[in-house]
Each structure stands twice: as C-alpha cells, then as structure tokens.
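Basis for what follows: all heavy atoms, side chains included, without hydrogens, waters or symmetry-related copies. Along the sequence shown, residues carry numbers from 1.
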Amino acid sequence: MWQIVVLVLALVWLYAPVLSHLIGQWVHDPNYSHGFFVPAFSLYVLWQERDRLRALPLRPSWSGLPILAFGAFVLTAGVLGAELFLSRVSFLFAIAGLVVLMYGWNHLRATAFPWLFLLLMIPIPNIIFNQITFPLQLLASKAAAVTLPLMGVPVLREGNVIQLPVMALEVAEACSGIRSLMSLTTLAVIYGYLMETRLWARVLLAVASIPIAVVANSLRIIGTGLLVQYWDPEKAEGFFHAFSGWLIFVVSLSLLFLLHRTMQRLWPPEGSR
C-alpha cells in the first residue's frame with residue numbers, strides 16, 4: 001500500500017502544472033467547459049463497477065514500467081516542445097502504466113472505457129481545431145445561403161460571410177458549432193452508457209451526435225438571418241444571440257433523445273416489452 005501511495009503522489013506532483021493549466025483552460029475557454037464532466041463521469045463509472053473490479057484477480061505486471069517510461073518521454077517532449085496536447089495525453093499513458101504495474105492488464109482492460117473517455121477532456125491541438133472549425137463555418141453559411149432564399153430572404157454568400165439586404169452576417173469561429181459538437185458528443189457518450197446496454201446502440205448515439213450538432217448549428221444561423229431580416233438587426237447580437245445557442249443545444253439534446261426512442265421502438269432490447 002505504501003508503494004502505491006508513493007507512486008500516486010509522485011504522479012500528482014509530476015503532473016500538477018499540466019493538470020492545473022488544463023483546468024484553467026476548462027474555466028476560461030468555452031469550447032472546453034464540458035471538460036469538468038469527463039473525469040467526474042469516469043470516476044462514477046469506476047464506482048459503479050467497483051464490485052466487478054474487486055472480484056478480478058490481482059496480477060501486477062512489470063510491463064507497466066515501459067508504459068510509465070513512455071508516458072514520461074511523451075511528457076518531456078510535450079514540455080520541451082511547448083506542446084500542450086502531448087503533455088496532457090501523456091497523463092493517460094501514466095495512468096495506464098500505473099494500473100498495469102499495480103493491478104495487471106486485466107484491470108486495464110476492465111477499465112478501458114472510463115480510461116479512454118478521459119480523452120474527451122483534453123483539448124485538441126490548434127492545428128487540428130482550425131482544420132475542423134473553418135469547414136464547419138463554411139457548411140453553416142452554405143446551408144443558410146441555400147435555405148434563406150426559400151424563405152424570401154435574398155442572400156449573397158462570400159466564404160463564411162452572408163450578405164443580407166440589411167447587414168452582413170459573419171459565421172465566425174464561435175458560431176461554427178464546434179463548441180456544441182464537442183459538448184454534445186461528450187453528453188451522447190454519457191447518455192449512451194447510462195441508458196443503453198447494447199454496444200452498437202451506444203456507438204450509434206455517439207456518432208449521430210455529430211450530424212445532429214451540425215444541423216442544429218445550421219438552423220441557428222438560419223434563424224439568425226430571419227431575425228435580422230424580419231425583426232431587428234441588433235437582435236442578432238447580445239442576449240438573443242447567446243440565448244439561441246443555449247436553445248439550439250437543448251434542441252440537439254432533444255433530437256438525440258428522440259433518436260434513442262426511435263431505436264428502442266425499431267430494435268427493442270431483449271427482454272423489454
């Protein structure tokens with residue numbers, strides 16, 4: 001037990017700067033505010049599975065040391081190269097190595113889901129983030145440019161800028177939908193785990209959250225265009241703009257729930273009425 005305590009304390013001391021910076025990003029960056037839910041849910045899963053984990057035989061393996069060493073190498077590379085993603089991902093390797101070293105590979109396999117779920121708490125690298133957000137901006141602006149003329153609003157689109165008769169709407173990075181996409185995917189994984197026992201249904205709910213978030217964000221841009229054209233251009237900013245984001249996210253959650261209900265009706269779980 002004292003060896004376990006020493007290893008855990010050493011791990012906490014080693015990763016304290018990395019984890020404190022990560023939590024700071026959750027607090028200050030709205031794109032990753034869902035990060036608080038990720039470790040909390042992983043701990044909840046471990047608590048729910050505690051009886052099954054206790055029943056597993058202890059098979060500590062020295063093969064956990066190379067995994068720990070690899071995590072330390074990735075941490076060093078991330079710190080020296082000022083690459084936050086590498087230093088944060090190395091924490092997951094360190095956890096895996098520690099589990100194998102103290103409990104064995106059977107425990108790592110048993111806790112694979114909550115361990116992998118921790119990936120969702122780590123912000124993706126900026127180079128990948130930008131490669132995702134700009135296509136989402138173009139997709140939302142194209143959807144608005146196609147739909148708004150059908151509702152009597154003439155539109156001229158230039159990239160991610162939508163020219164309306166009264167003003168120009170720019171689908172900025174904050175309106176790309178990446179925030180709701182990542183949050184909805186995280187909640188879809190949580191929802192699937194809590195409400196489904198079938199693996200394929202859980203995977204389908206997680207995958208379906210992506211097009212649902214994209215469609216919902218496109219509806220938000222379309223609604224903003226209608227608001228500007230037929231009511232007041234100033235309403236496109238401020239409270240109504242922020243409120244529409246929350247409203248669309250609630251709509252996305254409702255669509256995810258309706259999808260799950262449809263799946264249950266078409267393919268009811270075994271033993272259910």
Side-chain angles (χ1 to χ4, degrees), residues 15 17-42 78 81-92 114 116-144 159-162 169-193 205-224 236-256:
Y15 281 93
V18 175
L19 296 180
S20 62
H21 191 278
L22 177 61
I23 294 173
Q25 189 166 358
W26 295 345
V27 173
H28 298 104
D29 190 345
N31 292 320
Y32 301 105
S33 57
H34 65 277
F36 289 100
F37 294 98
V38 176
F41 180 71
S42 292
E83 176 51 58
L84 293 175
F85 181 76
L86 286 180
S87 58
R88 292 164 177 175
V89 167
S90 70
F91 182 63
L92 302 188
L116 290 173
F117 185 70
L118 291 176
L119 282 170
L120 294 176
M121 74 178 183
I122 301 175
I124 58 179
N126 285 331
I127 187 172
I128 299 178
F129 184 85
N130 295 331
Q131 292 295 323
I132 296 175
T133 54
F134 189 65
L136 288 176
Q137 291 172 255
L138 291 179
L139 182 61
S141 58
K142 288 179 181 178
N160 62 323
V161 178
I162 304 171
L169 284 181
E170 179 187 1
V171 183
E173 180 182 293
C175 301
S176 65
I178 186 66
R179 185 182 308 171
S180 60
L181 173 60
M182 292 188 293
S183 299
L184 186 65
T185 301
T186 302
L187 291 178
V189 175
I190 295 175
Y191 177 82
Y193 177 85
L205 286 171
V207 173
S209 65
I210 299 175
I212 287 176
V214 171
V215 170
N217 187 65
S218 299
L219 293 176
R220 180 190 183 190
I221 303 302
I222 294 169
T224 302
E237 302 176 354
F239 170 77
F240 285 95
H241 182 72
F243 177 75
S244 66
W246 283 101
L247 180 62
I248 288 300
F249 190 72
V250 172
V251 171
S252 301
L253 289 175
S254 302
L255 291 175
L256 191 68

Point-to-point distance, once rounded to the nearest 0.5 Å, from CG of L136 to CG of N160: 12.0 Å
Minimal non-hydrogen separation, M182 against T186, with atom names: O-OG1, 2.9 Å
Separation of L120 CG from Y32 OH (nearest 0.5 Å): 11.5 Å
Closest heavy-atom pair and its distance - I222, A143: CD1-O, 4.1 Å
Aromatic ring proximity Y193/F117, centre distance under 6.0 Å: no
Separation between CG of L253 and CD1 of I248, rounded to the nearest 0.5 Å: 11.5 Å
Minimum heavy-atom distance between H34 and S183, given as atom pair plus value: ND1-OG, 3.7 Å
Parallel, tilted or perpendicular, as decided by the 30° and 60° cut-offs, for the rings of F36 and W26: perpendicular
Expected output: side-chain S42 to main-chain P39 donor-acceptor under 3.5 Å: no
Rounded distance [0.5 Å steps], CD1 in I122 versus CZ in F91: 9.0 Å
Pairing residues for I210 by the side-chain contact (heavy atoms from CB on, under 4.5 Å) criterion, not counting sequence neighbours: L181, T185
Residue pair L219, V251: steps toward the side chain to side chain contact (heavy atoms under 4.5 Å, CB included) verdict: CA-CA 10 Å; L219 293 176; V251 171; 5.5 Å; no
Heavy-atom donor-acceptor pair, Y15 side chain to S90 backbone, under 3.5 Å: yes
Pairwise side-chain contact, L255 with V215, heavy-atom cut-off 4.5 Å (strictly under): no
Non-hydrogen atoms of I212 and S252 that approach each other most closely: CG2-O, 3.7 Å
Least distance between heavy atoms, M121 atom then L22 atom: O-CD1, 3.7 Å
Donor-acceptor contact below 3.5 Å, side chain N217 vs main chain A213: no
Interatomic distance, S180 atom OG to L187 atom CG [nearest 0.5 angstrom]: 11.0 Å
Heavy-atom side-chain contact between I221 and V171 under 4.5 Å: yes
Closest non-hydrogen atom pair, A140 against S218: CA-OG, 3.9 Å
Rounded distance [0.5 Å steps], CZ in R88 versus CG in L119: 13.0 Å
